[in-house]
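Values in this document were obtained by computation on a predicted structure and should not be read as measured data. Letters A, B, ... are given to chains in the order of the sequence lines, protein chains preceding strands, and every chain is numbered from 1.
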Amino acid sequence: MRRFLVSVCFCITTAMCALAQADITSYEFAEPEMAQRFVGLTTVLRCPKCQNQNLSDSDSIIAKDLRTQIQTLINSGNTDQQITDFMVQRYGDFILYDPPFNKSTLVLWLTPVGMIFIGLFALWFFSRKSQSQSAMLTTDEQQKLHQLLANNQLRDRD
Amino acid sequence: MSTATKRLLMVLPMLMAFGLGLFLYQGIGQDPNNMESSLIGKPLPEFSGETLMSDTTIVTQKDMLGQPALVNVWATWCPTCRAEHEFLLSIAAQENVRIFGVNYHDQRAAAQQWLIDLGNPYVFSVFDPQGDLGIDLGVVGAPETYLIDANGMVIDKVTGELNERTWTQLRTQYLSLLKDGS
């Protein structure tokens, strides 16, 4: 029974994978290299309607439209850069999964670097403090310390 | 280390946590779907298309110029468009707002019937069955409403339903555009 269920699940998953890929291959291109670029572009461009899906994954109307648009643009000889610019011009930086560095993404890009610096500063700050406190005792002081500790232990035992 | 520095160090994480909290708090209630349109501050894209009512009448963006207006993207399959339709009719009738429609990814007969049944708030609707004009406008989904000035410059945009609340935001700008024009 269990084996049967597993194989059913396997069949469904395989079928779904095939379906998911069929969508991409249904777009026709003059050269195979263009189909490669199509896959590349629809992977790095985000669907503007959906919060976290790229154009190739999404089934929304707008994603389909944009896929067709990309297909047309590729077939009419546009470069990847031109197509990306076309999309950004209409949908803003949101459509890029890899956002450029500009005023509105300043926080996004600089926070990690800032955090590293804060961490390094804290490390330096606290190591400096512990060094100054654990300044070595002279032999005299060391003996005195032992003496004191020993006395203390004796007193505790009483 | 002096007590003052020690105290400062103790307060610092608290301050940082507070700052983070503040940053996250202002994100609450913000609709992640509501993105600033990259068309704002730019002119309407050039287009040329049939009107919904007649496949022999061709309109372009120039037909939308002359006075401030709204460009409303709608479709019969879109429930929110249905919800805002009454409101569009009321501002078109009572406030004399010029509204142009973009009939987005729709069927002509169904869309014509919808306007006959519910009333037509639009000066005209551009028939955009493939969503080509939609892409040039940066439309993500219906409904979306753009405020344009007399020269066709896009001033602002409402994503989602146009209603009393969202119109208040546009109306102020719309009225000042009217005043500038006259």
Side-chain angles (χ1 to χ4, degrees), chain A residues 45-53 55 58-73 83-96 99-100 102-108 110-111 114-115 117-119 121-134, chain B residues 1-2 5-6 8-10 12-13 15-17 19-20 22-24 26-27 30-47 73-78 80 102 104-106 128-144 146 154 157 159-160:
Chain A
L45 293 177
R46 172 153 53 167
C47 159
K49 176 80 182 168
C50 344
Q51 285 301 304
N52 209 358
Q53 263 187 318
L55 285 180
S58 173
D59 225 8
S60 65
I61 296 179
I62 185 66
K64 280 182 189 160
D65 279 3
L66 290 181
R67 283 200 297 264
T68 315
Q69 185 74 47
I70 292 176
Q71 179 196 24
T72 317
L73 287 172
I83 296 172
T84 309
D85 290 347
F86 175 95
M87 293 297 166
V88 170
Q89 204 187 342
R90 286 158 179 80
Y91 292 95
D93 290 338
F94 180 86
I95 201 152
L96 304 173
N102 59 32
K103 215 173 75 194
S104 60
T105 56
L106 205 72
V107 176
L108 183 71
L110 290 188
T111 307
M115 286 298 174
F117 274 108
I118 291 177
F121 176 78
L123 221 60
W124 168 77
F125 191 85
F126 288 108
S127 68
R128 191 193 56 148
K129 178 193 125 193
S130 59
Q131 249 176 19
S132 66
Q133 275 195 348
S134 69
Chain B
M1 196 158 46
S2 72
T5 358
K6 239 182 198 159
L8 184 78
L9 274 176
M10 261 154 58
L12 204 64
L15 281 178
M16 280 165 76
L20 185 69
L22 217 63
F23 175 72
L24 294 177
Q26 56 103 27
Q30 266 184 15
D31 183 1
N33 287 310
N34 200 357
M35 284 167 297
E36 176 125 325
S37 168
S38 34
L39 203 63
I40 291 174
K42 292 185 196 158
L44 278 175
E46 285 180 19
F47 69 89
V73 181
W74 66 282
T76 54
W77 47 261
C78 144
T80 316
V102 175
Y104 181 66
H105 267 287
D106 213 345
D128 185 28
Q130 305 295 329
D132 296 331
L133 176 56
I135 289 182
D136 282 343
L137 283 169
V139 169
V140 168
E144 289 186 16
Y146 299 82
V154 178
K157 173 188 175 181
T159 308

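Annotation for B:Gln26: atom CD counts as buried by contact number, over 12 foreign heavy atoms lying within 6.0 Å.
Taking CG from B:Leu9 and CZ from A:Phe126, the interatomic distance works out to 4.5 Å, rounded to the nearest 0.5 Å. Considering CD1 of B:Ile135 and OG1 of A:Thr68, their distance stands at 7.5 Å, rounded to 0.5 Å. To the nearest 0.5 Å, atoms CG (B:Asp136) and CZ (A:Arg90) are separated by 4.5 Å.
Partners of B:Phe23 by ring-ring contact (aromatic ring centres under 6.0 Å, His included), not counting sequence neighbours: none found.
Closest approach of A:Gln89 and B:Lys42 over heavy atoms only: O-NZ, 3.5 Å. Of all heavy-atom pairs spanning A:Tyr91 and B:Val139, the tightest one is OH-O, 2.9 Å. Here the closest heavy-atom approach between residue B:Ser38 and residue A:Val88 is recorded as OG-O, 3.9 Å.
Contact check for B:Gln130 versus A:Asp65: no side-chain heavy atoms found under the 4.5 Å cut-off.
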